[in-house]
Structure formats: C-alpha cells, structure tokens
Amino acid sequence: PHVESSDSEQSYKDSDSETSESDEDVEEEINIDVEREYPKVSAPKVFISPSGAKIYTPSCDDIYKPQTNQHFPTLEDAFLFYREYGRQGGFDVRKSGQKSDRRGNVVSKVMQCNCGGNPTPGKLKSKDDMVAESSQDRRTTSRRCLCEARIVLKAAGQRGFVVMSFVEEHNPALAFGAESMFLRCNRNVSKSHQNFIMDCSRAKIGATRAYNLAKEMVGSYENVGATCSDFKNFARDVKLGIGEHDACLILDKFKTRSKSKDNKFFFDYKIDSEGHLTGLFWTDEIGQANYEVFGDIVSFDPTFRTNK
C-alpha cells in the first residue's frame with residue numbers, strides 16, 4: 001500500500017488547461033517535417049549486358065555524381081557526398097573495407113552500394129565462446145547481390161582523399177518515385193518525432209499507435225519521414241537507455257523537487273539489503289491538506305504490472 005499524492009489530480013487539471021496549447025505545439029512541430037520533401041528521383045537508365053542481365057544507372061544531376069580525381073578533405077565528407085548521390089539516384093550506401101599503414105593511418109577506403117558484397121551469410125560470431133555452440137543464426141534475408149557500384153578513395157596527403165575509381169552501374173533495381181521514401185537515407189526520426197513518441201509513451205500509447213497518429217497529423221505515411229520500425233526502434237533504445245535506473249530517476253526527481261521552493265513536498269523510501277527500492281512515499285501541500293481534513297487515505301494501484 002502507498003499514499004497517493006493529489007499532485008496527480010492537479011497535474012490532470014493543468015494538463016486539461018494546457019491541452020489545446022500543447023496539441024497546437026505538437027502539430028506545429030510535426031508539420032515542419034511535411035516541408036521536407038524527398039528528392040524527385042527519376043527512373044534509372046536500364047541497359048542489357050551481353051549475358052542478358054539488366055544494368056541500372058542512376059539518373060541524376062552531374063553535380064551529385066562523383067568524379068575520378070575528385071578530392072575531399074576527410075573520409076566523412078566523401079561519405080556524405082556519396083550518400084547524397086545515392087539519395088538522388090535511388091539507392092543506399094555503406095562504408096566497406098579499408099587499408100591502413102603501420103601507424104594506423106587510412107591509405108585507402110571503399111564506399112559502395114548497400115547491395116554490394118557476398119550474399120552468403122558469414123560464420124556466427126559470439127562474444128562468449130562458451131555459448132557459441134548454443135547460439136542460433138537469425139533468420140534474415142540478405143539484400144546483397146554482388147553489386148559492383150562503389151567509389152575507391154586513396155589518401156592524398158594534405159589534400160585529404162582522392163577518388164581513384166568510380167563504378168556507377170548497379171545490379172539490383174533502383175528506387176524512384178514514391179519508392180524513394182523507404183530508403184534508409186530518407187528516413188529519420190526527427191527531434192519533434194522523438195518528443196511525440198515520448199509524450200505518447202507517458203499516455204500509455206505505444207510506438208505503433210504513435211506512428212499512426214503522426215500519419216494522421218501530417219496527412220500520409222510518406223510525409224512522416226520514418227517508418228513504423230524506426231519509431232519502435234527509438235522507443236526500444238529509450239527503454240534500453242533507462243534500463244534498471246528507473247527507480248533512480250524518480251528518486252532524483254523527488255530530491256530535486258524537495259530542494260526547490262516547494263518546501264512542503266516530502267518523500268521517503270525504503271530499500272533492501274541489495275539496494276533495490278521496496279517502498280516509496282511522497283506527499284505535497286494539497287495531499288497534506290487532504291490528510292488533515294479526511295484523515296488516512298490508503299490507495300492501491302490496480303494497473304500494477306498490467307502494462308508489460
């Protein structure tokens with residue numbers, strides 16, 4: 001049993017009075033993302049190789065296309081440029097192998113299409129050799145299909161890195177039109193979306209329903225700027241970040257409030273021999289006034305352990 005403070009009732013009243021204002025703020029924040037448009041990706045050029053296979057070449061402006069002997073100050077600048085080229089051309093990119101000298105300095109770097117590489121799954125790697133035999137492979141499909149599209153960069157001293165070779169032909173079909181919204185480079189859980197997911201979580205609304213609400217607020221799924229999996233992954237990362245520190249968070253919040261101008265706020269807690277929180281009591285000015293009028297008030301939380 002615990003004594004429930006009437007601070008929650010006051011918060012409900014405050015939230016009711018501020019509902020219209022907060023709703024307008026959230027809608028305004030999310031509508032900002034509507035202004036961010038995806039690049040208009042044109043259909044790729046298709047060629048037939050002598051073996052009969054289709055070869056796809058991105059159709060984009062030459063200012064986005066890498067050129068041989070093009071220099072970049074850093075590898076990160078080169079990757080951002082190549083990723084924007086993939087965004088305009090309808091494919092995702094990733095960093096691949098590299099070579100370093102004895103001092104650890106990178107002398108060459110490969111950046112390629114996300115579908116490049118061997119589709120055959122590698123051997124299972126485990127951090128603990130003791131459980132390696134009992135571990136199981138994940139049943140996932142591979143998008144790799146030996147695509148040769150890539151750029152190879154080489155260190156050029158003070159000039160940074162230079163593009164030594166550039167291959168623009170792709171084996172898999174490229175995304176264009178409405179398909180480009182599903183590319184990883186076009187998906188992003190923005191700051192407004194993160195705040196919206198957190199607000200929905202406080203109202204016991206999961207990531208999937210939060211995604212559907214965001215879709216209704218911006219008009220369509222393509223205007224959200226992220227997928228439902230992106231929303232769920234963000235909610236998962238938040239929970240992993242909190243981990244076993246949820247009790248510490250509420251205690252720190254109460255300690256901060258007790259040191260504020262609200263001197264009538266009081267809380268106390270109990271822990272066991274292992275440092276686990278076993279009991280928590282808190283009361284504020286309104287709760288103390290209710291206690292003087294009505295006496296003891298004992299409440300039980302009927303939703304305990306029901307929202308797993």
Engineer: Can you see which heavy atom on Met111 is nearest to which on Leu75, and at what distance?
Structural biologist: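 Looking at all heavy atoms of both residues, the closest pair is CE-O, 3.4 Å.
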Engineer: Might you point out which heavy atoms bring Asn118 and Leu146 nearest each other, and give the distance in Å?
Structural biologist: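 What the structure gives for the nearest pair is CA-CD2, 3.8 Å.
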Engineer: Would you say the rings of Phe81 and Phe72 are close, in the sense that their centroids are separated by under 6.0 Å?
Structural biologist: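 Yes, they do, as the ring centres are separated by less than 6.0 Å.
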Engineer: Between Phe196 and Ile205, is there shared hydrophobic-cluster membership here, with clusters defined by ILVMFWY side-chain heavy atoms closer than 4.5 Å?
Structural biologist: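 Yes, Phe196 connects to Ile205 through the hydrophobic network.
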Engineer: Is the shortest distance from a Lys or Arg side-chain nitrogen in Arg150 or Glu169 to a carboxylate oxygen in the other one below 4.0 Å?
Structural biologist: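 Salt bridge flag = no for Glu169 with Arg150.
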Engineer: Quick check against the 3.5 Å criterion: does Gln112 have a side-chain atom that pairs as donor or acceptor with the backbone of Ile151?
Structural biologist: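 Answer holds: no.
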Engineer: Check the pair Trp282 / Phe254 against ring pair (Phe, Tyr, Trp, His ring centres under 6.0 Å), numbers first and verdict last.
Structural biologist: CA-CA 8 Å; Trp282 72 94; Phe254 283 170; 5.6 Å; yes
Engineer: Taking the six-membered ring for Trp, are Phe91 and Tyr82 parallel (under 30°), tilted (30 to 60°) or perpendicular (over 60°)?
Structural biologist: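 Rings of Phe91 and Tyr82: perpendicular, over 60°.
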Engineer: Taking only Lys NZ, Arg NE, NH1 and NH2, and the carboxylate oxygens of Asp or Glu, determine whether Asp92 and Arg184 approach each other closer than 4.0 Å.
Structural biologist: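 So Asp92 does not pair with Arg184 through a salt bridge.
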Engineer: To the closest 0.5 Å, what do you measure between OG (Ser258) and NZ (Lys264)?
Structural biologist: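 Atom-to-atom, Ser258:OG and Lys264:NZ are 16.0 Å apart.
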Engineer: Looking at every heavy atom in both Arg94 and Cys113, which two are closest together, and how far apart are they?
Structural biologist: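 In this case the closest contact between Arg94 and Cys113 is NE-O, 3.9 Å.
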Engineer: Could I get the full list of ring-ring contact (aromatic ring centres under 6.0 Å, His included) partners for Tyr211, not counting sequence neighbours?
Structural biologist: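 Per chain and number, Tyr211 pairs via ring-ring contact (aromatic ring centres under 6.0 Å, His included) with Tyr221, Phe231.
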Engineer: Starting at CD1 of Ile197, measure out to CG of Asn195 and round the result to the nearest 0.5 Å.
Structural biologist: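 Going from CD1 on Ile197 over to CG on Asn195, the span is 9.5 Å.
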Engineer: Hey, what do you get for CG (Leu174) to CG (Leu183), rounding to the nearest 0.5 Å?
Structural biologist: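 Those atoms lie 9.5 Å apart.
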Engineer: Which residue pairs satisfy the salt bridge (charged side-chain N to carboxylate O under 4.0 Å, His left out) criterion with at least one member in residues 49-67, sequence neighbours excluded?
Structural biologist: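 Passing the test, one end in residues 49-67: Asp62-Lys65, Lys65-Glu168.
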Engineer: Considering non-hydrogen atoms only, spot the tightest contact between Tyr56 and Pro172 and give its length.
Structural biologist: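 Smallest heavy-atom distance, with atoms named: CD1-O, 3.2 Å.
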Engineer: Under the side chain to side chain contact (heavy atoms under 4.5 Å, CB included) test, which residues partner Ala43, sequence neighbours left out?
Structural biologist: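 Applying side chain to side chain contact (heavy atoms under 4.5 Å, CB included) to Ala43 gives Phe176.
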Engineer: Is there a donor-acceptor contact under 3.5 Å from the side chain of Lys109 to the main chain of Ser96?
Structural biologist: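 Judged by distance alone, yes, a pair lies under 3.5 Å.
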